[in-house]
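See structure below.
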There are 2 protein chains.
Amino acid sequence: MPPTSEALTAERILEATEEVLRRHGPAKATVVDVARALGVSHGTVYRHFGTKAVLREAVTKRWLDRTASTLARFVTEDRGPEDRVRDWLAGLFEAKRKKAGGDPELFATYSVLAEDAGDVVGAHIDELTGQLTEIVRAGVDAGVFTVSDPAVAARALFQATGRFHDPSYAREWQKPGVEAEFEAMVDLLLRGLRG
Amino acid sequence: MPPTSEALTAERILEATEEVLRRHGPAKATVVDVARALGVSHGTVYRHFGTKAVLREAVTKRWLDRTASTLARFVTEDRGPEDRVRDWLAGLFEAKRKKAGGDPELFATYSVLAEDAGDVVGAHIDELTGQLTEIVRAGVDAGVFTVSDPAVAARALFQATGRFHDPSYAREWQKPGVEAEFEAMVDLLLRGLRG
DNA sequence: GGAATGACAGATATTGAAATCTGTCAGCTG
DNA sequence: CAGCTGACAGATTTCAATATCTGTCATTCC
């Protein structure tokens, strides 16, 4: 895949980095590899991304943002708050599970990247809990939920379902019975939201 | 029964193994080290524990059993089911947090051991959720909780609070605000149990 | 002048030979 | 005889030499 002779944009570097990570894995993917894939010297890559860590964080952010934007639609969906909380949580679970099951190696690669990108992951989690908070607040305003602080409740929801979206539990997502466990968890949490 | 100071019992081997693990860490603690600490040849250790993995599992089980027996008292405590669920969950969190904070290296050592001892950990989790199931069932019988299946609810409770007892989250237990997060989580879950 | 290069120093990773460990077992010892 | 030993083979780990990588920057190129 020879690179087009267009300008070397940050975007193109990120795409090349994803490809290199996909091919070599997180341990062996180097900045030199990325430069080689683009047909430039590695010094050039450093003009755009000051360090390898910054480059990896940018790739990680891209990956996480894809999930976040997928879930955004459940926030504004035209359904009751209970259904939207359920859909949102199920959507997150399904998105993660699909990625982990479909290409386990790539998922493992990004899981490793995420471990080294604490700030990016933190912002991602803040965005997700922010989405959840909106739905919970709508439920409180509609009188369906009775929690006192939507943001606190949303964070609890997110943490309680960690087992179904935290990459470190990916192994469990294949086991039979997870579906039922997920349903039971969401049922219990929704009962809690209603009070 | 022969005097413990002379006979080489499984018990003495386990104690020596704990000591070696404490001193060397999980990566460098060898069966040869254990034998040396006991003043015997390593072949002797293998008479009692067929493999290194079995020896480590036994040590891990011992460690986990200590936590389980600490929590058992909350099951039979003379208080309402709500308070007992709260106490039990708080007791688990506190026990783990105290261990992790008090001797981080030792905690990390046992966390590594636990990763390699899937069956032992599974049995431990079954025991803990069993304890929780008893309390939940008592609550249902007393009409305080309205869940349909105490065992399913107990497992959900355990998983939902994973962030506050799973060793992989130990780093978070030191951060300010965890206490509040834990309280919010338990409040939400208890609301769910009541229905 | 802005973009890219490539040589360079220090840090990190790889490699293969040597050392150590795991698990077995024939034989010793009390 | 029951418990223990220590030598052994194959697997794993250590260690030091070697190679590669990261990040910088003076220089080149358009």
Side-chain angles (χ1 to χ4, degrees), chain A residues 2-60 105 108-109 112-113 115-120, chain B residues 1-60 108-109 112-113 115-120:
Chain A
T4 61
S5 47
E6 303 239 338
L8 183 63
T9 62
E11 188 63 20
R12 281 190 60 216
I13 295 176
L14 291 176
E15 263 155 33
T17 306
E18 281 190 358
E19 176 57 23
V20 168
L21 281 164
R22 192 171 287 121
R23 191 167 292 174
H24 295 51
K28 291 187 188 170
T30 72
V31 176
V32 171
D33 289 330
V34 173
R36 201 161 22 226
L38 288 164
V40 300
S41 80
H42 74 278
T44 300
V45 174
Y46 276 99
R47 294 197 107 270
H48 292 79
F49 296 92
T51 68
K52 183 184 183 181
V54 166
L55 175 57
R56 289 188 162 200
E57 278 161 21
V59 172
T60 306
E105 279 189 44
T109 291
V112 170
L113 292 191
E115 270 168 37
D116 299 336
D119 290 351
V120 170
Chain B
M1 176 161 58
T4 53
S5 53
E6 291 177 9
L8 182 61
T9 61
E11 188 62 19
R12 281 189 62 218
I13 294 176
L14 290 177
E15 262 155 35
T17 305
E18 281 191 356
E19 177 57 22
V20 168
L21 281 165
R22 190 172 287 121
R23 191 166 292 175
H24 294 52
K28 291 186 188 172
T30 71
V31 176
V32 171
D33 289 331
V34 174
R36 200 158 25 223
L38 288 164
V40 299
S41 80
H42 74 279
T44 301
V45 174
Y46 277 99
R47 298 197 103 269
H48 296 260
F49 297 91
T51 68
K52 185 185 183 181
V54 166
L55 175 57
R56 289 187 163 202
E57 278 161 21
V59 172
T60 305
T109 291
V112 170
L113 292 192
E115 271 167 38
D116 300 336
D119 290 350
V120 170

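The chains referred to below are lettered A, B, ... by the order of the sequence lines, with proteins before strands, and numbering in each begins at 1.
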Among residues two or more places apart or on two chains, list those pairs meeting salt bridge (charged side-chain N to carboxylate O under 4.0 Å, His left out) that have a residue in residues 29-41 of chain B.
B:Asp33-B:Arg36
Residues, nucleotides or ligands: over 12 heavy atoms within 6.0 Å of B:Arg22 CZ:
yes
Whole Å only: how far is the CZ atom of B:Arg47 from the C1' atom of C:dC28?
13 Å
I'd like to check the side-chain contact (heavy atoms from CB on, under 4.5 Å) partners of A:Thr44; sequence neighbours left out, ordered by chain and number.
A:Leu8, A:Val40, A:Ser41
Sorted by number, residues from residues 21-44 of chain B placing a heavy atom under 4.0 Å from DNA chain C are B:Thr30, B:Val31, B:Val32, B:His42
Output the rounded distance in Å from CZ (A:Arg12) to C1' (C:dA3).
14 Å
Taking only residues two or more places apart in sequence or in another chain, which ones pass side-chain contact (heavy atoms from CB on, under 4.5 Å) with B:Glu115?
none
In whole angstrom, what separates B:Tyr46's OH from C:dT22's P?
5 Å
Whole angstrom value for the distance that separates P of C:dC21 from CZ of B:Arg56
13 Å
Residues which pass side-chain contact (heavy atoms from CB on, under 4.5 Å) with A:Glu15, listed by chain and number, not counting sequence neighbours
A:Glu11, A:Arg62
Please set out all donor-acceptor pairs under 3.5 angstrom arising from side-chain atoms of residues 46-54 of chain B, sequence neighbours excluded.
| unit_1 | atom_1 | unit_2 | atom_2 | d |
| --- | --- | --- | --- | --- |
| B:Thr51 | OG1 | B:Ala53 | N | 3.4 |
| B:Thr51 | OG1 | B:Val54 | N | 3.1 |

D:dC21 P sits how many Å from A:Phe49 CZ, rounded?
20 Å
